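Not measured: the values here are computed from a predicted model.
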Amino acid sequence: MDSVGIANTFVAMTQAQTGQSLQAEMMKMAAQQDANLVALLQQGAESLQAAAPPPGLGTQVDVSA
């Protein structure tokens with residue numbers, strides 16, 4: 001293999017490593033965004049539970065009068 005072939009192989013390997021590094025970083029960012037979304041949904045569910053009336057109050061309206 002001549003020196004040009006070796007250089008081309010090195011450049012290709014370097015580009016592949018860079019691509020893999022970028023893909024890994026993008027996957028980490030996507031996972032972090034998913035975790036943030038789950039945390040936001042959990043906070044919303046907790047706030048809905050806290051805002052609910054106590055058992056037996058506010059869930060039915062008596063319209064028989």
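Connectivity analysis of hydrophobic side chains (ILVMFWY, heavy atoms under 4.5 Å, direct or indirect) links Leu37 to Leu41.
Contacts of Gln17 classified as side chain to side chain donor-acceptor pair (under 3.5 Å), with partners at least two apart in sequence or in another chain: none. Residues passing the side chain to side chain donor-acceptor pair (under 3.5 Å) test with Asn36, sequence neighbours excluded: Gln32.
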Only distances under 3.5 Å count here; give the side-chain donor-acceptor pairs of residues 3-14 to other protein atoms, sequence neighbours excluded, each with its distance to 0.1 Å.
from, atom 1, to, atom 2, distance (Å)
Asn8, ND2, Val4, O, 3.4
Thr9, OG1, Gly5, O, 2.8
Thr14, OG1, Phe10, O, 2.8

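Among pairs with a residue in residues 20-30, none fulfils side chain to side chain donor-acceptor pair (under 3.5 Å), at least two apart in sequence or across chains.
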